[in-house]
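First the structure, in the form of structure tokens, and then the observations on it.
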Amino acid sequence: MNILENMPSPGDFKVTATDGAARSGILHTAHGAVRTPIFMPVGTVGSVKAIAPDDLDALGAEIILGNTYHLYLRPGDELVARRGGLHGFNAWDKPILTDSGGYQVFSLSELRKIREEGVEFRSHLDGSKHLFTPEKVVDIQLNLNSDIMMVLDECVPYGADHDYTAKSIGLTTRWAVRSLDYYSGIRRANLMFAITQGGTFTDLRTESIRQLSEYDFDGFAIGGLSVGEPKAEMYALMAHTAPLLPAGKPRYLMGVGTPYDIVKGISMGIDMFDCVLPTRNARNGTLYTSLGKINIKRKEYAEDDGPLDPACSCYTCRTFSRAYLRHLYTSGELLSYRLNSLHNLTYFLDLVRGAREAVENGRFAAFMAKVAAAYPDEAAL
RNA sequence: GGUGGGGUUCCCGAGUGGCCAAAGGGAACAGACUGUAAAUCUGUCGUCGGACGACUUCGGUGGUUCAAAUCCACCCCCCACCA
């Protein structure tokens with residue numbers, strides 16, 4: 001028999017276990033496979049802030065994010081291409097997913113204009129104008145050589161009305177189709193994911209998925225959540241949306257979320273997550289633990305000699321006291337960013353790994369109950 | 001000893017008759033952060049009261065004035081330069 005027949009190729013995705021709606025699986029990319037459910041640390045400008053690739057490896061990170069908009073502006077995607085793509089440039093040799101700039105349509109809304117053709121940004125760095133078409137965004141991501149390219153989309157802000165959102169999902173679909181058409185002419189090993197939208201409207205969420213799932217993307221994302229809506233509403237939208245996404249492809253909830261959000265998403269059958277919370281909050285003193293959220297700057301920790309999280313085996317928790325971590329934060333020491341980020345990423349990565357193992361062992365409900373106990377406010381919603 | 005400058009709420013520091021419980025910064029305390037314009041941002045920051053407000057405060061004591069952190073007198077302390 002032919003060995004090649006059994007060799008997985010980039011884009012192959014297989015669900016290997018389920019427990020209720022929750023599932024675990026494996027996704028193959030040009031830089032190796034990732035086991036789902038997965039949490040992807042965010043490294044917008046090509047670096048997971050305060051953390052080196054060898055640390056990421058040690059934490060068990062399997063895939064990280066980069067951003068099209070940021071890397072295009074600086075240092076430039078062609079410069080990165082000349083250095084062997086993002087992997088060659090930043091010395092991370094495992095999979096990389098790049099966001100398209102669609103989130104910047106939302107977060108930098110003051111600095112952009114949306115047209116049928118694409119989005120025109122005024123650079124947040126120097127004010128210069130740049131037109132991001134769906135095709136250009138593919139080219140940039142090919143230069144970065146990301147393993148998973150996201151199509152350009154419009155991330156609709158919370159509060160957008162039905163009429164606006166309905167028009168927006170049409171635009172997002174047309175952009176997605178243009179991206180796929182353009183890429184099919186140059187198809188390489190890079191995967192391409194579509195992004196569904198629809199704001200807070202279940203009918204539009206359904207319609208966006210209906211339109212996009214007609215096309216052969218390598219995965220489907222839920223976009224436009226956690227943009228200011230009440231958390232209960234986000235959960236309701238997740239619950240509505242997740243089961244509608246094609247079951248045979250990876251399902252990616254973009255930008256979400258807190259530990260409980262992620263476990264909740266897994267319970268609904270979502271496979272992939274990314275979020276800046278563990279790294280940003282680490283730098284701002286909020287640490288996630290098996291005991292819940294800890295604000296390490298609080299005075300009550302000033303003479304607390306215990307570990308940050310007694311259940312955590314990361315370098316930070318093995319080595320330092322809460323009192324020391326508080327001191328580092330309070331003093332603005334650079335080590336604070338590193339140790340805090342190391343811990344928060346460990347917590348998120350361990351959490352999702354634990355969820356995957358729970359699914360594989362048919363014990364997901366019990367696992368989720370434990371996480372809910374640490375985050376009762378969110379679990380109550 | 002002389003001359004000049006200065007002592008303001010935890011710190012630095014503005015304020016030189018009423019608009020001053022007193023700018024601004026820092027510290028402190030608390031909060032936020034979800035496909036990163038974020039090592040960022042917000043709130044509190046004399047005491048008591050929910051608020052309107054009441055009370056105490058600008059080195060000390062006394063005085064001028066309807067009114068003083070701000071003007072006057074004396075005293076205490078600090079700094080610079082000169083002897």
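On a predicted model such as this, the values are computed, not experimentally measured, just so you know. Throughout, a chain's letter reflects where its sequence line sits, starting with A, and its residues are numbered from 1.
In this structure, A:Lys49 and A:Arg298 both approach RNA chain B, and ranking their closest nucleotides by distance from the 5' end singles out A:Arg298.
Contact annotation: side chain of A:Asp153 to base of B:G35, donor-acceptor pair present below 3.5 Å. Under 3.5 Å, the side chain of A:Ser107 and the base of B:U36 form no donor-acceptor pair of N or O atoms.
With hydrogens and angles disregarded, no donor-acceptor distance shorter than 3.5 Å links the side chain of A:Ser341 to the backbone of A:Arg338.
B:C29 and B:A54 have their P atoms separated by 33 Å, given to the nearest Å. Here the separation of B:U56 from B:C78, taken at their P atoms, is 32 Å to the nearest Å. Nucleotides B:U36 and B:U42 have their P atoms positioned 22 Å apart, rounded to a whole Å. Here, B:G62 and B:G2 have their C1' atoms 28 Å apart, quoted to the whole Å. Spacing between B:C71 and B:A83 at atom C1', rounded to whole Å, works out to 34 Å. The gap from the P atom of B:C72 to that of B:G17 amounts to 11 Å, rounded to the nearest Å.
In this structure, B:G1 and B:C82 make a Watson-Crick or G-U wobble pair, each of the two defining distances being under 3.5 angstrom. Under the Watson-Crick and G-U wobble criteria, each requiring two contacts below 3.5 Å, nucleotide B:A54 is paired to B:U47. A 3.5 Å limit on both hydrogen-bonding distances identifies B:U40 as the Watson-Crick or G-U partner of B:A32. Pair check for B:C19 finds none; no Watson-Crick or G-U wobble contact set falls under 3.5 Å. B:C10: Watson-Crick or G-U partner is B:G26, with both key distances under 3.5 Å.
Note on ring orientation: taking the six-membered ring where Trp is involved, the planes of A:Tyr315 and A:Phe320 are perpendicular (angle over 60°, cut-offs 30° and 60°). A:Phe220 and A:Phe217 have perpendicular rings, their planes meeting at more than 60° on a 0 to 90° scale where under 30° would count as parallel.
Between A:Phe39 and A:Phe348, the distance separating the two ring centers is shorter than 6.0 angstrom. Taking the six-membered ring for Trp and the full ring otherwise, the centers of A:Tyr72 and A:His130 sit less than 6.0 Å from each other.
Listed nucleotides B:A38, B:U34, B:A39 differ in distance to A:His124; the shortest reach to its side chain belongs to B:A38. With distances taken from any side-chain atom of A:Lys231 to the nucleotides B:U34, B:G35, B:A30, the minimum falls on B:U34. Nearest nucleotide to the side chain of A:Leu277, out of B:G35, B:C33, B:C29: B:C33.
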